[in-house]
Protein chains: 2
Amino acid sequence: MSTMAEKSPRDDARDILRSHLAGRGMRRTVQREAIIDAAFRTKDHFSAEDLLLMARAIEPSVSRATVYRTLPLLVESGLLRQLDLGGDTTIYDPNFLDHPTHNHLVCVDCRKIIEFEDPHIELLENCITRRLGFSPTNKSVKIEARCDEFQRSGVCSKQSSARGA
Amino acid sequence: MSTMAEKSPRDDARDILRSHLAGRGMRRTVQREAIIDAAFRTKDHFSAEDLLLMARAIEPSVSRATVYRTLPLLVESGLLRQLDLGGDTTIYDPNFLDHPTHNHLVCVDCRKIIEFEDPHIELLENCITRRLGFSPTNKSVKIEARCDEFQRSGVCSKQSSARGA
DNA sequence: ATTTCTGCAAACGATTTGCACAGGG
DNA sequence: CCCTGTGCAAATCGTTTGCAGAAAT
């Protein structure tokens, strides 16, 4: 019982983007649709350049400029989250629709990104924010860490949530 | 009883940097000393460009290139922490010597940066990291929030820890 | 028809780097 | 002296932007 009428995150995303556009007199174009389809075809994080490649696989006419112009739209409408993980390029995370409060651990050895979710952190952040006299809008925890397994054996079997490895 | 023989964070910093340099056959120069003095003369966060200006006030011969070449040294030796707060320029925090585990709240209205410390967060992050099979090396919480006072009255009286306001 | 979008290529801005000279040890 | 550090200016590289034509409504 999950074969026909299932709504994927991509579908949700497309709907959300369409209302977002509609609400401001913006137009629906093949390029924008290709970009959003590309963005939600994967659960991996990606850079603008990655997204360009993925979108071009769907619609070859997509240009770099359009990707850069569309990304802020997707972020504003809540479809993507921009991550500051400290690299030289900005990366984007398409998993916040499904898991709105998850956070990231970056392995300093494997460079992999592990996603995790923890209700206590969430709660604590809200308390702290209120105590300081603010209303929370966006919270992010970044943990940099060494992989224990890698330390012992020189390999790491953990799944990267970022690069499909 | 705090007039004469007090050791400021600057002094500590200078000592730490000197050992760091000594340990790798690197030299002590007027420029490096000026840069570190400038960095610890303030408790505010700063960009590379800010630091250049501050260092030049001490030693006019300091060049932009040397600032950029020295910053990684200060970060490696633990004197400064690099912050990814999402702006276009990297900013540096000189307060981790005194408060090794503090975190940051960024006000989306005033753009101010508030520092806070919370032992529960610290603890929780360690638990989570271990549970995932890692050993923590660096943890950072960034909270973006709206200032309640600003929402009500259109002004914000909070002290920015970043720009002395 | 009107207005928004697009691709292209040039512009930008923070950071990095090659080089020849300066200055620590 | 020898080798590291420096300033300068040019190079890099992700991202942004101006413009003229293409497409959506």
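Naming: A, B, ... by sequence-line order, numbering from 1 per chain.
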With the side chain of [X] defined as its heavy atoms from C-beta on, choose the nearest nucleotide among [options].
| X | options | result |
| --- | --- | --- |
| B:Ala65 | C:dA14, D:dT6, D:dC8 | D:dC8 |
| B:Arg64 | D:dT4, C:dT15, D:dT6 | C:dT15 |
| A:Arg27 | D:dG5, C:dT2, D:dA9 | C:dT2 |

- Is B:Arg32 touching bases, backbone alone, or none of the nucleic acid, heavy atoms closer than 4.0 Å? sugar-phosphate
- Check every strand shown and say whether B:Arg69 touches a base, only sugar-phosphate, or nothing at a heavy-atom separation below 4.0 Å. base
- Would you indicate whether the side-chain heavy atoms of B:Val106 and B:Lys112 approach each other to under 4.5 Å? no
Interatomic distance where [atom1] belongs to [X] and [atom2] belongs to [N] [whole Å]:
| X | N | atom1 | atom2 | result |
| --- | --- | --- | --- | --- |
| A:Glu33 | D:dA24 | CD | P | 11 Å |
| A:Arg24 | C:dC5 | CZ | C1' | 16 Å |
| B:Leu52 | C:dT16 | CG | P | 14 Å |
| A:Asp50 | D:dC13 | CG | P | 17 Å |
| A:Leu71 | D:dT16 | CG | P | 9 Å |
| B:Asp84 | C:dT15 | CG | P | 12 Å |
| A:Tyr68 | C:dC5 | OH | C1' | 19 Å |
| B:Leu17 | D:dG5 | CG | P | 11 Å |

- Task: Could you tell me how the ring of B:His45 sits relative to the ring of B:His104: parallel (under 30°), tilted (30 to 60°) or perpendicular (over 60°)?
- Result: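 Aromatic pair B:His45/B:His104 classed perpendicular.
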- Query: Does A:Thr29 or B:Val30 map to a spot on DNA chain C nearer the 5' end, using the closest nucleotide for each?
  - Reply: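 By nearest-heavy-atom nucleotide position, the 5'-most residue is A:Thr29.
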- Message: Strictly below 4.0 Å, N to O, side chains only: are B:Arg131 and A:Asp118 in salt-bridge contact?
- Response: yes
- Look at B:Arg32 together with B:Glu59 and state whether they make a salt bridge at an N to O cut-off of under 4.0 Å. no
- Flag, side chain of B:Asp50 to backbone of B:Ser47, donor-acceptor distance under 3.5 Å: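 Side chain of B:Asp50 to backbone of B:Ser47, a donor-acceptor pair under 3.5 Å: yes, one is there.
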- Message: Pick the closest DNA chain D nucleotide for A:Arg28 and for B:Val62 by heavy atoms, then say which residue is nearer the 5' end.
- Response: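 This one resolves to B:Val62.
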- Message: Tell me whether the side-chain N/O atoms of A:Thr90 come closer than 4.0 Å to OP1 or OP2 in D:dG14.
- Response: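 For D:dG14, neither OP1 nor OP2 has a side-chain N or O of A:Thr90 closer than 4.0 Å.
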